[in-house]
Amino acid sequence: MTETFHLELTVNGRPRSVDIVASHTLLDVLRDDVGLTGTKECCVVGECGACTVIVDGKPINSCLMLAAEADGAEVLTVEGLAPEGRLDALQQAFLDTGAAQCGFCIPGQLMSARALLQRSPHPTPEEINEALAGNLCRCAGYEQIRAAVLAAAGEVQS
Amino acid sequence: MKDQGGIGARAHRIGGVGRVTGAQQYVADIPVADVLHAKLVTLDCAHARIVSIDKSAAEALPGVHFVMTADDLPKPMPRFGPEYQDRPVMADGETKYHGEAVAAVVADTKDLAEEAVRLVKVEYEVLPAIHSLEAALAPDAVLVQDPAIRRPGPNVDSNILSEYHFGWGDVDAAAKEADIVVEHTYDWPSQTQFAIEPHGFIAAPDDDGIVVWSSIQHPYQLQKTVAKVLGLPMAKVRVFAPDPGGAFGGKQHTKLEPLVAFLALRAGRPVRLILTLEEAFQAVRRTGARIKVRTGIKRDGTLVFQDFENHFLIGCYADTGDRVSAKGSFLSAGPYRTPAVRIVSRSILSHTTPTHPMRGFGIPQVTWARESNLDEAAIAAGVDRLEIRLKNLVKYGEEHVPGDTPADGDWAQTVRKAAAEIKWGTPLPQGQGRGIAIGVKSGPTTGLSYSTVRFLADGSAIVFSGTSDMGQGARTIYAQIVAEELGISLDCVAVVMGDTAVVPYDQQTSASRSSVLMGNAVLNACRDIQRKLRARIAEMEEIADAAITIDRGVMRIADREEPLPVVLARVLGRMGGEVVGNGEARKDAIAEHPLGGTALFFEFNCTAVDVAVDEETGETTVLKQITVGDVGFALNPVQVTGQDEGAAIMGMGQTLMEHLIWGPDGRTRNLGAIDYRIPTSLDLPKELHSFSIENADGPGPYGVKGISEGSLLCTAPAIAAAVRDATGAVIRDLPLSPERVWRALKERT
Amino acid sequence: MQAFRYLRPATVEEALGLLEEHGDKARLLAGGTDLVIELRNRWRTPEVVVDLKRIEELRPAIRVEGKRLVITAGTVMGDLERHPTVLERFPALAEAAAVVGSVQIRNRATLAGNICNGSPAADTTPPLLVYGAEMVIASRTERRRMPIDEFVIGPGKVALGPAEMVVAIELPMDRPIAAAYTRMTRRHGTDLASITLCCGVDSKGTTRLAYGSVGPRALLVMDESGVLADPKANREQKAPVLAALFAKASPSPTSMRAGPEYRVAMLPVLGARALATALERLGKTA
């Protein structure tokens, strides 16, 4: 039995219309159906945050959201941060501070950081640690990541 | 900030843009046309005899191509391994650890593969599993490995895979000279590398050969292994090694690639296998260890002897467990001047996940024991814990292991810096404590790296390097060296890695070797270019070679200076083309050395911490963590700090929370992210400071040493010492969970 | 994940109709942070997944209705932890909501889902027990209220019929209780708690303690002697009263998260800490 679902959503500003398997998560659909592989798969239990995307303005674990739930939603993935190929302030800050080491967690970190700066443009270091606590970095570049978010604070347009 | 520059610059990571835009492709992201999906069939137990496998229902499912079992593989079952060729491509009649594949399904989609796995009916008999040192060494213990596949030797009828004896002097005689002797046993639990990218593999038939993609640290060893298992010439095995999404030792060697290669050959199409995080935990882990240490000192703290008995609980196949036991143990006595040292080290087989090294290669385990025991001796003698270390620390150029490389740094400078930064000797409030520990690790004992650099007509350059850039930033370092040596800007350098068909050989990416060994190969390739340019200019200007010097991107003839890109343009003339340089760096093996070679350099770190302990709950908070590494020279200070802080935080996590838990049946109970805890952004030391000692005295380019493991080597003893300092509670096994600290607090005398 | 049909009713009536039609082959989807894991691991294999998020009545909302604070079934932890009324009147609930997983989880996980899953470690159960919350349960025939203490039964079990659903959780606002929430975890970052604990005191001197993760369900116990809430009572006087309240704790002997002896020992430690905070809060409101 394969139950399908017709999904219409906006990903990084671009309307998408896809027939999907109803049991697939937003992570599955972004990677396999839409073809945007910047969003990463690791723990699939909502612990690591590698799959974090922003849905209707809020960061969520795309591994724990059925794609069908995103019907009609606006989804922002890491690929949508630099739509014209120009890095945004956060991406630039991540480069400047050396926050991206192996890089696998970075798309998720960026999405959590982006959402934080949208709700709190000038976060304290403690707020950053709290906001990014759902994004594991095994390279443990937490200090550089926090420095990057601080550096970018205020420069991100909401 | 030196911008966009050569060596020493805070240059942006090459590959950084891809990492912040999502464009960086890891194995799971690589588009492969017509790819099929594989999924492993495993049993929910550790040790079992496979009675039968019925794949008919699974294979009847439309979209399922086939189910492969051991019966479909060549006989005898091909086996491989970095040191011992004991690991089968797939479980052969018996599973030896929880998660070992007994079959693999290949299907059109991931959903179908998953569905089919559930339809494979495996009849099996659960057998008793060994997952502790006690059980493995019990006189009636079941043998993990069939003696028939073991190397002959005295231990072949036991679960001891190997036994090493190192040391010098006469410990028994020295023991009589010691005023204070302290003996204790320290446990380090099994842990897992937990790269955020679970291992991924793709294989595809390629004419009469095969192409394999793997997130692997040692692509050239994978190439050799796949060639051997499949019976192909190495030239017909092409390995693509995309940058691993973290490795930490867990992606060094071949695991499931031979199986995926067999699947692809049978399918006649590309096959992809991406492990889940749970499966990644079952693919590899770090050895746990039990280290018994006896330390003898004079009343003033002078070391008289050190006596070690080390047991490493390795998996069911040798993998690198044996090497970790040997190399980790070899330096058990640390960076100290000890008249007599005895080290016995055994690697013990068990029905558990095969082990790779993890950041530190056995050194964190032995350092935990040695430094903790040294503290206990100092306390017994009433000698200051910093003082005892400085007193016994070898001086620059002095041997700490007779016959091996002598101390290659001013190590006291590193220790004094850490002590100064933690304000050693100043008082702390009630409930807080301070600890300090030293870690030293041999860098590579052998090594061979080649690099090619192409200096293109427009003054840009391409570097070819077989290193895996798994986050340490190797690519950036090589580009900085090339920019420096050829006198060009960093954005004119491209680095090509990860393709064994195109990039020349590199032995491996491990032991913090790459800046030194591959760094020297890249440097030598640049020097080769410089040599060629000089020879051609000498010809063109009809002067002697010796009249021309080239240094760091500039050619000088008498008082005339010319940047190398200009020189290149003159040399190439109207025809264009390029100048190609080849470089090599090697560390030769020494047959009679117990490790097969002396240390190319030492990674030396001193870590000092202040902690607060909640006496009611046992919770430990690291208030301040100081890590000082002797790095020789920081080619890229941003990357050095990133690596060192990363090692420090990882070390803190391993001290406070990380351990694999086995059930009585040998199953790993805490597979995955929910019950294997690693530090998050809320678990960091309240203050973390990383410092580098730079005396440009390393063997790498411009005096660089490897640095990527440093601070992890000695975090655990430093934190445990601080907990003891704060509370009087002595803990000799890890992790220092609140519960364990609470228990120790209750038991303190 | 096993294949299923995804349905999204627009009304509670419609959702209840689907539950009646599909019986135990249907599963309600609120936030999905637990359900999707259960589906992926095939711990649950429903044929129909009924997404509640398009039901207008259940949309995230926290509002005062008379003497009650009404929290709709679609309300997520992130809404609770920041809501001014919750912060002011029910700070222990805000504290519990704020430690449920990460920001990403809290943007999806609902309060109703947290309770309906029946996890013994659910963070929000203890404060809801202390505050005397009621579950508003809808069936095709009626709407009824049930005290959460009766609703929560045991691991994975709540008092919900096959064709019933929780549409809201209500908190009484006419019973001022000053409360605080605390927990025991293996790390400071997101974690499943090995102890969850909420302590509330009121001006009459009654102390309510609710604690979870140390038995099949979170328990609510009370001290009506007034000793615990007495600001003049000392530590030694309070200790035996507190200890008696934890008598029913029965932590799992096989848990990986913490041993039973440790958990039992930590209950009075956490209890005393939460009590101190609750008393401090009571002092501020008095």
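Just so it is clear: chains get the letters A, B, ... in the order the sequence lines come, proteins before strands, and each one is counted from 1.
- Between chain A and the options B:Ile274, B:Ile196, B:Ile649, heavy-atom pairs under 4.5 Å are most frequent for B:Ile196.
- Using a 4.5 Å heavy-atom cutoff, the side chains of B:Tyr26 and A:Thr37 are not in contact.
- Here A:His24 is the residue among A:Gln109, A:His24, A:Gln92 with the most heavy-atom pairs under 4.5 Å with chain B.
- Neither the backbone nor the side chain of B:Asp683 has a heavy atom closer than 4.5 Å to any heavy atom of chain A.
- Highest contact tally toward chain A, considering only B:Ala195, B:Gly22, B:Ala23, is held by B:Gly22 [criterion: heavy-atom pairs under 4.5 Å].
- A:Leu136 touches chain B through backbone and side chain together, each having a heavy atom under 4.5 Å away.
- Ion pairing between A:Lys40 and B:Asp29 holds under the 4.0 Å rule for side-chain N and carboxylate O.
- Residue A:Leu132 touches chain B through both its backbone and its side chain, counting heavy-atom pairs closer than 4.5 Å.
- Side chains of B:Phe281 and B:Thr668 form no contact here, defined as non-hydrogen atoms less than 4.5 Å apart.
- Side-chain contact check for B:Ser510 and B:Gln217: no donor-acceptor pair (N or O, by modelled atom type) lies under 3.5 Å.
- In this model, no donor atom of one side chain and acceptor atom of the other lie less than 3.5 Å apart for A:Asp19 and A:Thr4.
- At a cut-off of 3.5 Å, with distance as the only test, a side-chain donor of B:Thr476 or B:Gln639 sits close to an acceptor on the other residue.
- Inspection of the B:Thr607 and B:Asn605 side chains reveals an N or O donor paired with an N or O acceptor under 3.5 Å.
- For the 3.5 Å distance criterion, the side chains of B:Thr109 and B:His37 fail to qualify, holding no donor opposite an acceptor.
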Practice task
Show the numbers, then the answer: is there a salt bridge (charged side-chain N to carboxylate O under 4.0 Å, His left out) between B:Arg677 and A:Glu47?
Solution key: CA-CA 10 Å; B:Arg677 310 270 66 175; A:Glu47 284 280 331; 2.6 Å; yes
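- Contacts of A:Ala133 with chain B are made by both backbone and side-chain atoms, with heavy-atom separations under 4.5 Å.
- Counting heavy-atom pairs closer than 4.5 Å to chain A, the top-ranked of the candidates B:Glu115, B:Arg359, B:Gln643 is B:Gln643.
- Ranked by heavy-atom pairs under 4.5 Å with chain B, the list A:Cys139, A:Gly38, A:Gly46 is led by A:Cys139.
- Using a 4.5 Å cut-off between non-hydrogen atoms, the part of residues 69-81 of chain A that approaches chain B consists of A:Val78, A:Glu79.
- Proximity to chain A is limited to the backbone of B:Pro244, based on heavy atoms less than 4.5 angstrom apart.
- Listed in order of number, the residues of residues 54-63 of chain A that approach chain B to under 4.5 Å between heavy atoms amount to none.
- Contact annotation: the side chain of B:Met470 never approaches that of B:Glu197 to less than 4.5 Å [non-hydrogen atoms, C-beta and beyond].
- When all heavy atoms of A:Val29 and A:Ala67 are compared, the closest pair comes out as CG2-CB, 3.4 Å.
- Neither the backbone nor the side chain of B:Arg475 comes within contact range of chain A, judged by heavy atoms closer than 4.5 Å.
- The only option from B:Val20, B:Asn636, B:Val638, B:Asp469 that meets the side chain to side chain contact (heavy atoms under 4.5 Å, CB included) definition with B:Arg13 turns out to be B:Asp469.
- Salt bridge present: A:Asp32 and B:Lys110 bring a charged side-chain N and a carboxylate O closer than 4.0 Å.
- For the residue pair B:Glu658 and B:Pro679, the shortest heavy atom distance occurs at OE2-CD, 3.8 Å.
- Chosen from B:Ala247, B:Gly642, B:Ala280, B:Gly18, the residue pairing most often with chain A at heavy-atom distances under 4.5 Å is B:Gly642.
- Classification of A:Glu8 and A:Arg14 as a salt-bridged pair fails, no side-chain N sitting under 4.0 Å from a carboxylate O.
- Across A:Ala100, A:Pro107, A:Gly141, the residue that shares the most heavy-atom pairs under 4.5 angstrom with chain B is A:Ala100.
- Neither the backbone nor the side chain of B:Gln472 comes within contact range of chain A; no heavy atoms are under 4.5 Å apart.
- B:Ser681 places a side-chain N or O within donor-acceptor distance of the main-chain N or O of A:Asn129, the cut-off being under 3.5 Å.
- Counting heavy-atom pairs closer than 4.5 Å to chain A, the top residue among B:Thr21, B:Leu277, B:Asp243 is B:Thr21.
- Side-chain contact check for B:His12 and A:Asp96: at least one donor-acceptor pair (N or O, by modelled atom type) lies under 3.5 Å.
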